[in-house]
Amino acid sequence: MELSQAINTLFSVRKFLDVPVEWDKIGKILDAGRHAPSSGNVQNWRFVIVRNPELREQLAVAALKQHWIANAPIIIVICAELDKITHYYGERGEKVYSIQNTSLAVQNMMLTAHALGLGSSFVSAFDENEVIRLLGIPGNARPYVIMPIGYSDDQPNPNLIHYELENMTYFEGYSTSKRVSSMDNTSWSWRYGDKARDAIVRAAGKAQSKIEKSAGEKSFQDFIAKIRKAFSRK
Ligand SMILES: Cc1cc2nc3c(=O)[nH]c(=O)nc-3n(C[C@H](O)[C@H](O)[C@H](O)COP(=O)(O)O)c2cc1C
């Protein structure tokens with residue numbers, strides 16, 4: 001599976017087939033997590049693999065009764081060890097880098113699971129103290145993500161939308177006046193590529209000259225010229 005395809009088709013799987021997951025696949029998923037970038041290369045993620053059905057159910061209850069979690073044949077709980085990162089980077093290390101490091105590892109793992117034909121989910125709504133108790137997590141570590149993994153019996157939610165880049169992207173500063181507009185050249189380039197934009201500009205140019213020849217009506221020519229200008233703005 002190509003990377004962009006894996007990214008674009010990844011979704012949260014919350015229904016699993018009662019089929020065991022091969023160990024070599026679990027190994028590949030863990031290995032993908034291990035290769036994530038981390039602040040100062042501390043690699044402070046820790047992975048707890050849970051297969052025991054009783055413990056899976058207890059984790060599901062700790063996850064605010066999200067019972068579907070227990071149906072995944074494997075759960076990996078991604079934790080962070082905090083002493084080294086706090087020693088190096090203080091409060092920011094503990095409160096920011098630590099979460100960033102583990103999240104990057106989880107994204108690697110979810111994409112790898114997906115590419116291997118498996119489904120997974122990123123679950124963070126849980127009673128932290130209860131998860132610490134269930135897994136015997138020591139005082140210098142925190143659990144951040146419960147990741148159920150298995151063969152999917154689920155479908156992506158057809159009503160789920162991803163907002164357009166124009167809704168979330170600014171140029172040179174964070175303000176609505178600097179937001180990328182949908183008629184902007186950059187926006188056209190990242191959506192359709194420069195070649196597509198150039199083809200549209202050429203086509204608009206040809207259309208304009210044809211219309212000028214046949215119609216010759218001033219206001220319409222101005223209108224077409226405006227469109228052409230909007231597309232060819234650098
Ligand atoms: C930080 C974080 C916490 C999440 N916690 C939960 C959770 O507790 N339970 C759950 O079912 N999904 C959880 N999700 C999954 C999101 O609901 C899901 O990614 C989002 O709705 C987009 O849907 P999709 O993954 O199917 O594209 C969480 C995702 C993130 C990034």
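Values in this document were obtained by computation on a predicted structure and should not be read as measured data. Atoms within a ligand are numbered from 1 in the order they appear, just like the ligands themselves.
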- Query: Which ligand 1 atoms, with their elements, are less than 4.0 angstrom from a heavy-atom of S12?
  - Reply: 15 (C), 18 (C), 19 (O), 23 (O), 24 (P), 25 (O), 26 (O)
- Any non-hydrogen atom of N157 lying under 4.0 Å from ligand 1? no
- Before signing off on this row, confirm whether H162 and ligand 1 have an N or O atom pair separated by under 3.5 Å. no
- Item | Between CG on residue D153 and CG on residue L17, distance to nearest 0.5 Å | 4.5 Å
- Measure the distance from atom 5 (N) of ligand 1 to every protein heavy atom, then report the residue, atom name and distance (to 0.1 Å) of the closest one. S124 N, 3.2 Å
- Item | Y144 contact mode with ligand 1 (heavy-atom cut-off under 4.0 Å) | neither
- How are the rings of F16 and W68 set to each other: parallel, tilted or perpendicular (split at 30° and 60°)? parallel
- Message: Counting only nitrogen or oxygen atoms and a 3.5 angstrom limit, does L160 reach ligand 1?
- Response: no
- Pairwise distance CZ(R46) to CZ(R142) - rounded to 0.5 angstrom: 16.0 Å
- Query: Do Q66 side-chain atoms and A63 backbone N/O form a donor-acceptor pair below 3.5 Å?
  - Reply: yes
- Message: I need the single residue from V50, V123, N52 that forms a side-chain contact (heavy atoms from CB on, under 4.5 Å) with L59. Which is it?
- Response: V50
- Message: My question is simple, although I want it checked carefully: is atom 15 (C) of ligand 1 less than 4.0 angstrom from any protein heavy atom?
- Response: yes
- Item | Contacting atoms of ligand 1, where contact means under 4.0 angstrom from a heavy atom of A125 | 8 (O)
- Among all protein non-hydrogen atoms, which one is nearest to atom 12 (N) of ligand 1, and what is the separation to 0.1 Å? R14 NH2, 3.2 Å
- Query: So which protein heavy atom does atom 1 (C) of ligand 1 come closest to, and at what separation?
  - Reply: F122 CE2, 3.5 Å
- Message: Testing the basics here: between A72 and P148, what is the closest heavy-atom pair and its distance to 0.1 Å?
- Response: CB-CB, 3.5 Å
- Take T9 and H114, measure what side chain to side chain donor-acceptor pair (under 3.5 Å) needs, and give me the verdict at the end. CA-CA 9 Å; T9 58; H114 184 46; 2.7 Å; yes
- Strictly by modelled atom types, are N101 and S39 linked by a side-chain donor-acceptor pair under 3.5 Å? yes
- Min N/O separation F11 to ligand 1 under 3.5 Å: no
- Message: Please list, in number order, the atoms of ligand 1 under 4.0 Å from a heavy atom of Q66.
- Response: 7 (C), 8 (O), 9 (N), 10 (C), 11 (O)
- Are D31 and K28 within salt-bridge range, i.e. N to O under 4.0 Å? no
- Note on the structure: In ligand 1, the atoms that come under 4.0 Å of a heavy atom of W68 are 11 (O)
